[in-house]
Amino acid sequence: MKQTGLDITKRAITGSEALMLALQSEGVTTIFGYPGGAIMPVYDALYDYTRGEKKAFNHILVRHEQGATHAAEGFARVSGQVGVCLVTSGPGATNTLTGVADAMMDSTPIVVIAGQVATAALGTDAFQEVDLVGVAQPISKWSYQIRHASDIAWAVSRAFYIARSGRPGPVVLDFPKNAQTEMVEFQPQKVDFVRSYVARPKLDAEMLQQAAQLINGARRPLALVGQGVELAGAQEELKQLLEKADIPAGRTMLGLSALPSDHPLNVGMLGMHGNYAVNLKEQECDVLIAIGMRFSDRVTGNLQTYARQAKVIHIDIDKSEINKNVKVDVPVVADCKEALPALTALVQPASHQEWRESFLPLDAKEREQVIEPAIHPASGPLLMGEVVNAVAEQAADDTVLVTDVGQNQLFATRYFKYRHQRSICTSGGLGTMGYGMPAAIGATFGAPERPVVCFMGDGGFQMNLQELGTIMEQQAPVKMVLLNNHYLGNVRQWQDMFWQRRKSFTKMLNPCYELIAQGYGIAYEAVTDRSTLQAAIQRMLTTQGPFILECAIKEEDNIMPMTPPGKNVDDMMLSLTPTPAPAEERSK
């Protein structure tokens with residue numbers, strides 16, 4: 001988004017046009033939306049602001065309001081700016097709630113503006129009336145109803161301030177129809193303070209000293225790097241700390257591009273399906289430095305046994321995350337951009353070569369037993385890891401990885417290569433199937449100069465398949481890799497491992513994706529044999545515009561390693577141990 005010139009006059013304008021000017025004053029240039037009755041006055045005003053001399057916005061017509069929110073998330077994740085959605089009341093508003101919850105869990109700054117019935121009709125069960133403020137409140141940073149046109153400038157500025165400041169997140173504005181049509185003399189406002197809301201906590205020098213003391217005395221330090229580093233724009237500050245104190249670093253799924261894949265101190269991905277060495281070493285380190293991450297259950301496993309031997313330093317801008325899951329010895333409540341260089345100045349240069357080298361045998365064991373068989377199989381059907389690795393090897397260094405949710409997400413995040421910041425868009429906390437395609441659309445608008453590759457399973461692909469219409473209309477250059485195994489793969493794997501291989505409704509009868517691609521006018525190719533994989537990937541990456549590459553994947557391909565749910569992180573399994581098959585299956 002960029003600041004544009006505003007034509008502010010003393011003339012009275014409608015609340016709808018005032019919204020246009022308020023969005024302009026926040027630097028908005030891209031809006032993802034879907035019109036309807038209760039937001040029609042705003043769309044009428046938008047008509048003039050998307051063409052001619054007044055043109056200020058690029059409006060992207062999505063095919064479903066959930067798609068609007070995920071597109072706004074993808075836009076925000078790669079651009080670092082606030083994503084904007086514009087929808088109508090009732091079902092239009094409720095359709096956005098999955099995206100709002102997703103953005104809340106993953107700290108993604110979006111502003112959803114929804115139409116509402118006129119205030120005189122509130123509480124009467126009017127057509128398409130929903131208490132949006134009430135239902136959005138628990139899953140957003142702020143939800144507010146703009147009842148008067150005179151409140152528009154203040155409410156919009158406050159919404160953007162809250163969405164982008166501190167720990168970012170979603171804000172929902174409910175906009176009754178009477179406020180859209182009322183006349184008002186618009187004057188822009190700039191909100192940069194909200195009472196009782198501390199967007200940027202004051203750095204505690206004493207806590208920094210204590211953190212430095214622990215790091216300086218550590219023999220086996222380990223950093224856990226989360227998305228907070230990316231949100232703060234503190235990637236270089238992170239590297240300076242790690243390199244000075246010689247600290248190996250694991251990354252959460254959302255923090256994967258906070259440290260380049262090939263950095264010598266990068267020791268892999270944390271979590272249930274992360275890398276073997278870093279997960280086991282969490283149980284051996286003497287000082288654990290958590291930076292901009294929230295100690296998700298998918299990272300910690302059993303909290304009763306997690307890193308009990310370590311002194312824990314937690315750097316996070318959100319005070320509510322401190323001691324929420326893991327007891328912390330030294331809390332540093334601050335923005336990573338400020339805290340990391342201040343801490344680096346206090347730590348002493350160090351060498352932990354022996355500690356870092358202790359990761360290598362475990363890395364080698366994982367490579368031999370898991371990675372090589374996954375990316376370089378000798379024979380048999382195509383594997384997901386093999387396809388992801390092949391795409392990663394050909395993709396440009398600045399490629400943005402977008403994933404859906406499920407096995408496709410876990411294979412993609414494990415085997416893709418991260419060389420630039422803000423290079424990953426995936427649904428972490430909420431795990432939203434259907435996220436991938438619309439988020440990838442948003443990413444192409446948030447970073448139009450960067451290639452965007454989106455991995456999806458056949459289940460997630462079909463959840464928001466209608467957004468192929470948005471891709472078709474916009475010619476959004478999304479390279480879609482469909483990993484088709486005819487299963488809801490992740491659920492099927494859990495059924496095999498923990499539910500006696502009772503595959504209850506996870507097998508999928510799929511449509512002909514070639515005909516679907518043809519119907520939307522999108523380039524398509526299918527790969528059923530690895531001998532044609534490399535050439536097909538090259539054609540996908542070099543084709544102008546969108547492309548669907550469907551890969552026929554081994555039906556029972558499994559994502560490993562895996563820490564079973566509720567187990568200790570050092571109980572990580574390198575191979576699948578399925579439960580016995582049902583008696584009726586064994587008898588066949």
Side-chain angles (χ1 to χ4, degrees), residues 4-28 31-57 59 65 68 82 84-94 96 111-137 140 142-163 171-191 194:
T4 55
L6 297 181
D7 178 21
I8 305 298
T9 68
K10 287 294 184 179
R11 65 184 175 87
I13 58 175
T14 66
S16 295
E17 186 172 0
L19 176 64
M20 299 296 103
L21 297 179
L23 293 175
Q24 266 192 281
S25 70
E26 293 298 329
V28 173
I31 299 171
F32 302 93
Y34 201 93
I39 198 67
M40 207 171 293
V42 170
Y43 267 88
D44 185 68
L46 184 64
Y47 183 90
D48 291 329
Y49 283 82
T50 54
R51 66 203 72 213
E53 293 182 359
K54 284 186 177 180
K55 182 173 181 179
F57 307 117
H59 178 273
E65 292 90 352
V82 178
V84 179
C85 307
L86 187 61
V87 300
T88 194
S89 65
T94 57
T96 69
V111 171
V112 175
I113 303 167
Q116 180 59 281
V117 301
T119 55
L122 289 173
T124 68
D125 290 332
F127 179 66
Q128 294 190 334
E129 179 194 357
V130 167
D131 178 10
L132 181 60
V133 171
V135 297
Q137 196 165 27
S140 62
W142 185 50
S143 60
Y144 180 77
Q145 189 173 79
I146 306 173
R147 290 185 166 225
H148 306 285
S150 57
D151 293 333
I152 291 170
W154 168 84
V156 170
S157 182
R158 193 178 198 266
F160 276 80
Y161 172 66
I162 290 173
V171 170
V172 175
L173 293 178
D174 195 36
F175 198 14
K177 208 166 184 180
N178 60 286
Q180 299 174 38
T181 56
E182 284 175 3
M183 304 302 288
V184 64
E185 288 188 357
F186 177 82
Q187 287 293 324
Q189 293 192 28
K190 191 65 178 175
V191 174
V194 175

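Two residues are said to be in side-chain contact when any heavy atoms from C-beta on lie closer than 4.5 Å; V82 and V171 fail this criterion. The side-chain heavy atoms of D44 and V42, taken from C-beta on, include no pair separated by under 4.5 Å. Looking at heavy atoms from C-beta onward, I113 lies out of side-chain contact with I31 at the 4.5 angstrom threshold. Side-chain atoms of L23 and Y49, non-hydrogen and from C-beta on, never get closer than 4.5 Å to each other. Two residues are said to be in side-chain contact when any heavy atoms from C-beta on lie closer than 4.5 Å; Q116 and K177 fail this criterion. By the 4.5 Å heavy-atom criterion applied to side chains, K190 and Y161 are not counted as neighbours. L86 places none of its side-chain heavy atoms less than 4.5 Å from the side chain of V84. The shortest side-chain heavy-atom distance between R158 and W142 falls under the 4.5 Å cut-off.
Ring-plane geometry between H59 and Y43 is classed as perpendicular, the angle between the planes exceeding 60 degrees on a 0 to 90 degree scale with a lower cut at 30.
In this structure, CG on D174 lies 9.0 Å from CZ on R147, to the nearest 0.5 angstrom. Considering CZ of F175 and CG of L132, their distance stands at 13.5 Å, rounded to 0.5 Å. From E17, atom CD reaches atom CZ of F186 across 10.0 Å, with rounding to the nearest 0.5 Å. Within the model, atoms NE2 of H148 and CH2 of W154 stand 12.0 Å from one another, a figure rounded to the nearest 0.5 Å.
Between the side chain of S157 and the main chain of V191, a donor-acceptor pair closer than 3.5 Å is present. Under a 3.5 Å cut-off, the side chain of N178 and the backbone N or O of T119 do form a donor-acceptor pair. Between the side chain of T88 and the backbone N or O of G115, no donor-acceptor pair lies under 3.5 Å. Checking side-chain atoms of S89 against main-chain N and O of Q128 turns up a donor-acceptor pair under 3.5 Å.
None of L19, I39, I152, T14 except one satisfies the side chain to side chain contact (heavy atoms under 4.5 Å, CB included) rule with Q180; the exception is I39.
What you find for A68 and C85 is that their closest heavy atoms are O-SG, 3.4 Å. For the residue pair V117 and L122, the shortest heavy atom distance occurs at CG2-CD2, 3.8 Å.
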